[in-house]
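What follows is a short report on a single structure.
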2 protein chains.
Amino acid sequence: MSSLNKMLGIMTLFSDQKFAWTIEEMEARLSLPRSTLYRYLRELVDAEFLTSLPEMGYTLGPKIIELESIVQRQDPLITASRPLMKELVAEFGGVAALCRNYRQKVLCVHQEQGADGFRSGYLKGQSRPLLMGSASRVIFAHLPNQMVAKLFDDHADAFRLAGLGSDIEAVRQSLKTIRQRGWDVTIGQVTSGVTGVAAPIFDGRENVAGSLSVVLRRTDLSEERLSVIADKTTFCARAITRALSDSGEEESNPNVRPGRSLSRLIPTI
Amino acid sequence: MSSLNKMLGIMTLFSDQKFAWTIEEMEARLSLPRSTLYRYLRELVDAEFLTSLPEMGYTLGPKIIELESIVQRQDPLITASRPLMKELVAEFGGVAALCRNYRQKVLCVHQEQGADGFRSGYLKGQSRPLLMGSASRVIFAHLPNQMVAKLFDDHADAFRLAGLGSDIEAVRQSLKTIRQRGWDVTIGQVTSGVTGVAAPIFDGRENVAGSLSVVLRRTDLSEERLSVIADKTTFCARAITRALSDSGEEESNPNVRPGRSLSRLIPTI
DNA sequence: CATCTATTATCGTATTGTGGTATTTAAGGC
DNA sequence: GCCTTAAATACCACAATACGATAATAGATG
């Protein structure tokens, strides 16, 4: 294992469960000698990724907050979505969530809260598996076939649990249904008593970039009400898709010859 | 320069001005060979600190958002302040800002907006120098004397520009005045047409941890109004100070023998 | 299928990180 | 002011490991 790897390993220690680590704890967890650990820590503290709290150990530093704020201001997906998400919660209440898929998980990258004070249990910065909850499933339904096949091979039981089917053909059919409808709804799959309605967001080509969802603390939405919410969510998601492909084309770096698809804002998987 | 250092150098490329970097641009900027650069990038992408946007280069990855959300949920300063900041903007409107000093700068780590829709020009995640704006000055006024002296030696002109005095004795007097009043106010020093009122936050002992401020889009506050705002801000800041020292004592890691001061939440400088 | 570009693998070399130990720094207690 | 304790850094011989020019591969494009 490379030293770079080991140093980055320090950054992955921090969690909601453990916000500060002492040298002793890191030494035990990472089984690195003290002097090496101190060397890594000095680098990370100098670069402001960590900061030292006397008597409490080390914790995350100011750089994390600075970089995240750059993402919030500059990420095309987030900046395009924010105003539409405010509209959604103004109309329906609850919470609007913007999710993005990175590799094999779905991360909530932004949220807007409505006036009713409801907070989703799936907060910004938290990630969920690809199969549970409408925000994840609607992304999953648009992933390449071969990736679906591979995931099914590896985690067939998870597919059954999620109610997506017990063989690959049934799964394909479930996903096709979601694709054809253009949106997805799940009730109580992430948090009991909560309904989520989600629509996919695409980049300039046909790749899923993420999903837009509306989350309400209800389980008894009427067919008509659900359809109104789903329509508006889908409409907003399409508007974001359009904004992404437009900005992608005009902002594309002129130093890069347009070889492959432009405006692909989905990270590589 | 160590390889760790060089790798972290990649992370500092990203800014509001440049959100995505291609390999060619990094190569030119960091003057590292391609193969080395790719090796670093692979590590950073694997650890999810970066992500690759095809045709656009590399940009900040999901780990940044995840780590920042941990800070927002777990940092004792932020969690203690949030409810009080909501109260402040509910009463006075404008924006409540929570700042923290790291080394020789002051970083805004949290904000709450009032109903009047005003947004400060000094957003969350952005940092300011120690001398300008009440949120910074009220922190600076409580820093150790020797640090003030050193900074004055290095940047005497900046002190004059900030109106803090042209010799060390005048500066000491200005800072003493701020300390004795218990809060600070500046008008248009950060953004023209904007008034900031700030009070210091301390950790368990006598060290400044940061500042709490109320920012209003006005320049014509009456003496009485100002004093009402300053009183309430100071009151809230003291409440936060109390919360920090309390939590610091009960949460202190039992593995660490209480040798030096407990509950010092100020990062080392 | 041919082509082009982004990314990864290879591998001999010596630079550079390693990790014991000793030392310094800094805070608190007495 | 001095002693104690812990945190953090400096030191340094050794060899592991990162380097980097080059070649190979992957993956999309047309």
Side-chain angles (χ1 to χ4, degrees), chain A residues 1-10 20-27 30-46 50-59 144 146-147 203-207 252-253 255-264 266-269, chain B residues 1-10 20-27 30-46 50-59 144 146-147 203-207 252-269:
Chain A
M1 176 177 284
S2 73
S3 62
L4 305 173
N5 214 315
K6 283 182 279 188
M7 187 178 71
L8 291 176
I10 294 179
W21 288 74
T22 65
I23 289 282
E24 287 83 1
E25 291 167 336
M26 292 185 185
E27 201 178 5
L30 303 170
S31 50
L32 289 173
R34 242 154 213 255
S35 48
T36 301
L37 211 40
Y38 269 119
R39 189 148 23 86
Y40 291 168
L41 288 171
R42 188 172 48 214
E43 299 278 1
L44 289 168
V45 169
D46 283 350
L50 293 182
T51 192
S52 157
L53 300 176
E55 294 304 318
M56 306 204 134
Y58 289 84
T59 192
Q146 75 183 84
M147 200 177 308
D203 58 21
R205 291 291 218 260
E206 67 272 24
N207 308 291
S252 73
N253 190 328
N255 296 335
V256 179
R257 270 187 296 282
R260 296 185 235 169
S261 71
L262 275 179
S263 62
R264 281 192 52 201
I266 178 177
T268 48
I269 305 203
Chain B
M1 175 177 282
S2 73
S3 62
L4 304 172
N5 215 315
K6 284 182 279 186
M7 187 178 71
L8 291 176
I10 294 179
W21 288 74
T22 65
I23 289 281
E24 287 83 1
E25 290 166 338
M26 293 183 183
E27 201 179 6
L30 303 170
S31 50
L32 290 172
R34 268 181 128 81
S35 49
T36 301
L37 211 40
Y38 269 119
R39 189 148 23 84
Y40 290 168
L41 288 173
R42 188 173 46 215
E43 299 280 2
L44 289 168
V45 170
D46 283 351
L50 293 183
T51 192
S52 159
L53 300 176
E55 295 304 317
M56 306 205 135
Y58 289 84
T59 193
Q146 74 184 86
M147 200 177 309
D203 57 21
R205 292 291 216 258
E206 69 270 24
N207 308 291
S252 73
N253 191 328
N255 297 333
V256 179
R257 269 186 297 279
R260 296 185 235 170
S261 72
L262 278 179
S263 65
R264 281 193 51 201
L265 289 171
I266 178 176
T268 47
I269 304 202

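The sequence lines fix the lettering, A, B, ..., with proteins before strands; numbering per chain opens at 1.
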So do B:V45 and B:Y58 actually touch side chain to side chain, heavy atoms under 4.5 Å? yes
Can a side chain N or O of B:R34 be found less than 4.0 Å away from OP1 or OP2 on C:dT8? no
To the nearest Å, how far apart are A:L41 CG and C:dG19 P? 14 Å
So if I take every side-chain heavy atom of B:S35 and compare against C:dA9, C:dT7, D:dA7, which nucleotide ends up nearest? C:dA9
Whole-Å distance, B:R42 CZ to C:dT10 P, equals 11 Å
Between A:Y58 and D:dA8, does any side-chain N or O lie under 4.0 Å from OP1 or OP2? yes
Check whether any side-chain heavy atom of B:M26 lies under 4.5 Å from a side-chain heavy atom of B:L41, and answer yes or no. yes
Five-pair end axes of the helix from C:dC1-D:dG30 to C:dA27-D:dT4, angle between them (10°): 60°
Tell me whether the side-chain N/O atoms of B:S52 come closer than 4.0 Å to OP1 or OP2 in C:dA6. no
What is the separation between atom CD on B:E27 and atom P on D:dG20, rounded to the nearest whole Å? 12 Å
Atom pairs under 3.5 Å, N or O on each side, protein against nucleotides 16-19 of chain D: can you list them with distances?
| from | atom 1 | to | atom 2 | distance (Å) |
| --- | --- | --- | --- | --- |
| D:dA18 | OP1 | A:S3 | N | 2.8 |
| D:dA18 | OP1 | A:S3 | OG | 3.3 |
| D:dC19 | OP1 | B:Y40 | OH | 2.6 |
| D:dC19 | OP2 | B:R39 | NH1 | 2.1 |

Non-neighbouring partners of B:R42 that pass salt bridge (Lys or Arg N to Asp or Glu O under 4.0 Å), sequence neighbours left out: none
What is the distance, rounded to the nearest whole Å, between atom CD1 of A:I23 and atom P of D:dA7? 8 Å
Spacing of CG belonging to A:L4 relative to CZ belonging to B:R39, to within rounding of 0.5 Å: 7.5 Å
To the nearest Å, how far apart are A:L53 CG and D:dA7 P? 14 Å
Give the rounded distance in Å between these two atoms: CH2 of A:W21 and C1' of D:dA8. 20 Å
If only side-chain N and O atoms of A:Y38 are considered, is one of them under 4.0 Å from the OP1 or OP2 phosphate oxygen of D:dA8? yes
The reported gap from CD1 in B:I23 to OG in B:S52 (rounded to nearest 0.5 angstrom) is 8.5 Å
Test of understanding: with side-chain hydrogen bond (donor to acceptor under 3.5 Å, both in side chains), list the residues that count as partners of A:S35, not counting sequence neighbours. none
Are B:L37 and B:R34 side-chain neighbours, meaning at least one heavy-atom pair lies under 4.5 Å? no
For the pair made of CG in A:L37 and P in C:dG19, what is the distance, rounded to whole Å? 11 Å
Note, B:T36 side chain near B:K6 side chain (heavy atom, < 4.5 Å): no
From CG of A:L44 across to P of D:dA8 the rounded distance in Å is 14 Å
